[in-house]
Amino acid sequence: MALVSLSGLAWSLAWFWPALLFSVLALIGCWDLLQTRHAVRRNYPVMAHFRYALEGIGPEIRQYFIEADTDERPFSRSQRAIVYQRAKNVLDKRPFGTQLNVYDDKYEWINHSLAPTELATHDFRITIGAGRAKPYAASVFNISAMSFGALSANAIRALNEGARRGGFYHDTGEGSISQYHREKGGDLVWEIGSGYFGCRDSSGGFSEENFIANACTEQVKMIEVKLSQGAKPGHGGVLPGAKVSPEIAAARGVPAGVDCVSPARHSAFSTPRGLLQFVDRLRTLSGGKPTGFKLAVGHPWEWFAIAKAMQETGIYPDFIVVDGGEGGTGAAPLEFTDHVGAPLREALLLVHNTLVGLNLRQHVRLGAAGKVITAFDIARTLAMGADWCNAARGYMFALGCIQSQNCHTDRCPTGVATQDQSRQQALVPEDKATRVMNFQQNTLKALKELIQAAGLNHPDELGPEHIIRRISSTEVRSLAVLHRFLKPGELLTGVLPEHPAFQVFWNEADPDAFSPPQQVRALRTSKLS
C-alpha cells in the first residue's frame with residue numbers, strides 16, 4: 001500500500017496523506033521484523049502495537065466499563081462516588097435500595113436502637129495525651145501520612161487548608177514538614193521515620209537540635225514515630241538524587257540532587273525498651289506534646305515485646321496508630337502490597353486486646369488506618385477497638401484523584417501525586433481545600449446519624465456488639481462473638497487466653513529484644529537437622 005500510495009502522488013497530491021500514513025506503517029513494520037527483543041512484534045509487525053496500546057489502557061477500560069460498581073480494586077466506583085459527592089457537597093443519597101447482596105458472606109451492618117438519640121454536633125473529639133503538658137483534642141477522622149514528594153505542593157496546600165478549616169489534623173508523612181505544610185497553618189502530626197527527615201544530622205542519625213526546632217512550633221500538635229507502614233512494612237526506600245529537588249531537600253534536611261535513603265529500620269533504638277525510651281525522649285524534647293508510634297503488625301512476638309516493655313518500664317506512648325496491610329502507597333513491590341503485613345482488623349484487634357489484657361488501654365489511645373472511606377468504615381473500626389481513624393486515599397479522592405494508579409510514574413492526571421509543575425497546576429488549592437473539608441465534615445455528619453440510630457451519644461461508645469457480620473447464607477454473628485476480646489487484666493492472671501498468638505508467643509516475648517523466640521529459631525533450623 002505504501003508503494004501504491006507513493007506512485008499515486010505522481011497523479012495527484014490527494015495521495016499525500018495516504019502515502020505518508022502507509023510509509024510510516026511500512027517503516028514500523030520493517031523495524032518490527034528486524035528487532036530481536038520482542039517475539040510478538042516479529043511475528044505480528046505493526047499489529048502488535050495495537051495490543052500494547054490496549055494493554056496500556058486496560059486498567060481504565062476495566063475501571064470504567066467492565067467492573068461492577070461494588071468491585072473494590074482497590075476502591076469501588078461506589079466508594080469513589082460517595083467521596084466525590086461529599087467533597088462537592090452535592091446529594092449523596094441512594095435511591096431504590098442497596099446494591100449489595102445482604103445474604104452474601106461478610107455482609108455487615110450496625111444494629112439500630114428503638115430509642116435513638118439526638119446529638120447536637122458531629123464534631124466528635126478524642127483527647128490524646130491527657131495529663132501531658134500539651135494534650136490534643138483530635139477529631140475522630142483525620143488525614144493519614146502522605147509526604148511532600150509523594151504528593152504535589154498544591155495537594156499538600158489543599159490538604160492542610162482543608163484540615164485547618166475543618167479542625168482536624170494532617171499527618172506529614174515521613175518526608176517531614178515542608179514549606180507547603182506551613183503555609184496554611186493547619187494542625188500537623190509530624191511523622192518521624194527511619195531517615196529522621198527534618199531532625200537528622202549530617203550522617204543521617206537523629207539530631208536533638210533539629211528535632212526541637214520543628215517539634216516546638218505551634219502548628220505541630222503530636223509526634224509520631226513511624227516503625228512501619230501498611231503498604232510496605234519492613235521495606236526502606238531510596239529517592240533518586242534526580243528527584244531530590246531543593247524544596248524536598250529543605251524539608252528533609254538532605255543535600256539537593258543526592259540520593260535520599262530511608263533505611264528499613266531505625267538507628268536511634270534497637271530494642272522494645274529502647275523504642276519507648278526514644279518516644280519518651282521526643283515527648284520531653286517537644287515540651288510535653290503527645291508522642292506515640294505507628295506500626296503495621298507483623299511478627300506477634302515483636303508487638304508483645306513492646307507491650308511487655310510498657311508494662312515493665314511504665315513508659316507509655318500517648319498513642320499508637322495501627323496501619324493495616326491494605327494501606328496504600330505511592331509505589332511498592334507487588335509482593336509487599338499484596339502479601340506483607342496483617343490486615344487492619346486482625347492487627348487492630350491484637351493491639352487492642354494486648355493493651356486491655358495488661359490494663360494499659362486507658363493509658364494509650366489507638367488510631368487506625370486502612371481503606372477507611374465511609375462513616376460505616378469508621379464505626380466498624382471504632383467498634384473493634386480504635387479511638388479514631390485516619391485516611392489517605394479517601395482524602396486523595398476528595399482532591400480529585402481518579403484512581404488512575406499512576407502515582408509512581410510522575411504522570412498523575414489530576415496533579416495530586418506528581419512533581420511535574422505543569423500537571424500539578426491543574427489542582428487549585430483553594431477549591432480542593434473546600435472539598436477536603438466537605439468530605440470530612442459530611443462523613444462525620446453521616447457518622448453522627450449512625451451513632452444516633454444506634455442509641456449512642458459518642459462514637460467511643462461503639463463496641464463489637466454493635467456490628468453484625470454474615471458468615472453464611474443462614475448464619476450471622478456480632479463481632480463480639482466472632483472475635484475473642486480479652487477482659488481487663490486477663491494477661492496478668494497467669495492463665496493465657498484461648499487465642500493462638502498469645503498461647504504460642506506471649507510467654508517468650510522479650511521486652512529487651514525484637515529477636516524471635518527459641519521455638520521459632522528452632523523451626524528455622526529444622527531443615528539442617
Side-chain angles (χ1 to χ4, degrees), residues 63-64 69 74-94 121-124 138-148 150-173 178 180-189 328 330 369 371-378 388-407 412-418 420 423-449:
Q63 180 172 316
Y64 290 107
D69 286 347
F75 288 89
S76 70
R77 188 180 290 112
S78 292
Q79 289 173 312
R80 300 195 307 274
I82 195 67
V83 177
Y84 297 147
Q85 290 162 348
R86 287 176 174 165
K88 295 175 183 178
N89 215 18
V90 299
L91 189 66
D92 63 351
K93 304 300 185 281
R94 293 291 184 268
T121 180
H122 61 274
D123 185 25
F124 302 118
S139 170
V140 298
F141 190 40
N142 304 281
I143 301 172
S144 195
M146 294 181 283
S147 300
F148 169 59
L151 297 192
S152 69
N154 281 352
I156 296 294
R157 287 184 175 113
L159 288 171
N160 195 255
E161 172 64 4
R164 187 192 67 79
R165 294 181 191 176
F168 53 102
Y169 78 65
H170 176 193
D171 193 310
T172 65
S178 71
Y180 307 110
H181 289 93
R182 300 183 192 276
E183 282 183 12
K184 304 300 181 178
D187 289 354
L188 294 177
V189 171
K371 294 190 77 172
V372 175
I373 289 288
T374 67
F376 180 76
D377 295 333
I378 297 174
W388 83 90
C389 290
N390 293 337
R393 287 168 292 181
Y395 284 100
M396 288 176 67
F397 291 142
L399 288 173
C401 168
I402 60 172
Q403 193 173 270
S404 70
Q405 300 180 64
N406 278 303
C407 310
C412 172
T414 59
V416 176
T418 180
D420 185 298
R423 288 178 180 270
Q424 66 173 289
Q425 290 307 312
L427 194 159
V428 180
E430 288 301 312
D431 174 62
K432 301 305 183 184
T434 301
R435 296 191 181 190
V436 167
M437 178 192 69
N438 286 343
F439 168 57
Q440 196 261 3
Q441 293 291 299
N442 287 327
T443 301
L444 289 186
K445 288 176 182 177
L447 178 64
K448 172 189 169 185
E449 293 178 343

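All values derive from a computational prediction rather than experimental measurement.
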Distance in Å, [X] [atom1] paired with [Y] [atom2], rounded so as to fall on 0.5 Å steps:
{"X": "Arg164", "Y": "Asp187", "atom1": "CZ", "atom2": "CG", "answer": "10.5 Å"}
{"X": "Arg393", "Y": "Lys371", "atom1": "CZ", "atom2": "NZ", "answer": "6.5 Å"}
{"X": "Asn160", "Y": "Ile143", "atom1": "CG", "atom2": "CD1", "answer": "7.5 Å"}
{"X": "Ile402", "Y": "Met396", "atom1": "CD1", "atom2": "CE", "answer": "11.0 Å"}
{"X": "Ile378", "Y": "Leu444", "atom1": "CD1", "atom2": "CG", "answer": "6.0 Å"}
{"X": "Asp92", "Y": "Ile82", "atom1": "CG", "atom2": "CD1", "answer": "4.5 Å"}

Would you check if the side chain of [X] reaches a backbone N or O of [Y] as a donor-acceptor pair within less than 3.5 Å?
{"X": "Asp377", "Y": "Ile373", "value": "yes"}
{"X": "Asp171", "Y": "Ser144", "value": "no"}
{"X": "Asn390", "Y": "Ala369", "value": "no"}
{"X": "Glu161", "Y": "Pro429", "value": "no"}
{"X": "Asn438", "Y": "Lys88", "value": "no"}
{"X": "Ser147", "Y": "Ala150", "value": "no"}

Problem set entry | Cation-aromatic face contact Lys448/Phe124, 6.0 Å, 45 degrees | no
Problem set entry | Test ring-ring contact (aromatic ring centres under 6.0 Å, His included) applied to Phe141 - qualifying residues, sequence neighbours left out |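 By the ring-ring contact (aromatic ring centres under 6.0 Å, His included) rule, Phe141 matches Tyr395, Phe439.
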Minimum-distance pair of heavy atoms, taken over all atoms of [X] and [Y]:
{"X": "Gly162", "Y": "Phe168", "result": "O-CE2, 3.4 Å"}
{"X": "Gln424", "Y": "Thr418", "result": "NE2-O, 4.1 Å"}
{"X": "Arg86", "Y": "Ala446", "result": "NH2-CB, 3.5 Å"}
{"X": "Ala158", "Y": "Leu427", "result": "CB-CD2, 4.3 Å"}
{"X": "Trp388", "Y": "Ser139", "result": "CB-O, 3.9 Å"}
{"X": "His181", "Y": "Phe148", "result": "CE1-CB, 4.1 Å"}

Exercise. Passes side chain to side chain contact (heavy atoms under 4.5 Å, CB included), Leu399 versus Thr414? Steps please.
Worked result: CA-CA 8 Å; Leu399 288 173; Thr414 59; over 6 Å; no
For this session: Quick one: list whatever passes side-chain hydrogen bond (donor to acceptor under 3.5 Å, both in side chains) with Ser152, sequence neighbours left out.
Result: none
For this session: Decide side chain to side chain contact (heavy atoms under 4.5 Å, CB included) for Val416 and Lys432; before the verdict, give the C-alpha distance in whole Å, the side-chain angles of both, and the deciding distance to 0.1 Å.
Result: CA-CA 10 Å; Val416 176; Lys432 301 305 183 184; over 6 Å; no
Problem set entry | 4.5 Å side-chain heavy-atom contact, Ile156 and Glu183 | no
For this session: Please report the C-alpha distance between Glu449 and Lys445 in whole Å, then the side-chain angles of each, then the deciding distance to 0.1 Å, and finally whether the salt bridge (charged side-chain N to carboxylate O under 4.0 Å, His left out) criterion is met.
Result: CA-CA 6 Å; Glu449 293 178 343; Lys445 288 176 182 177; over 6 Å; no
Problem set entry | Residue pair Asn154 / Arg157, side-chain donor-acceptor N/O under 3.5 Å |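 Yes - a donor-acceptor pair under 3.5 Å links their side chains.
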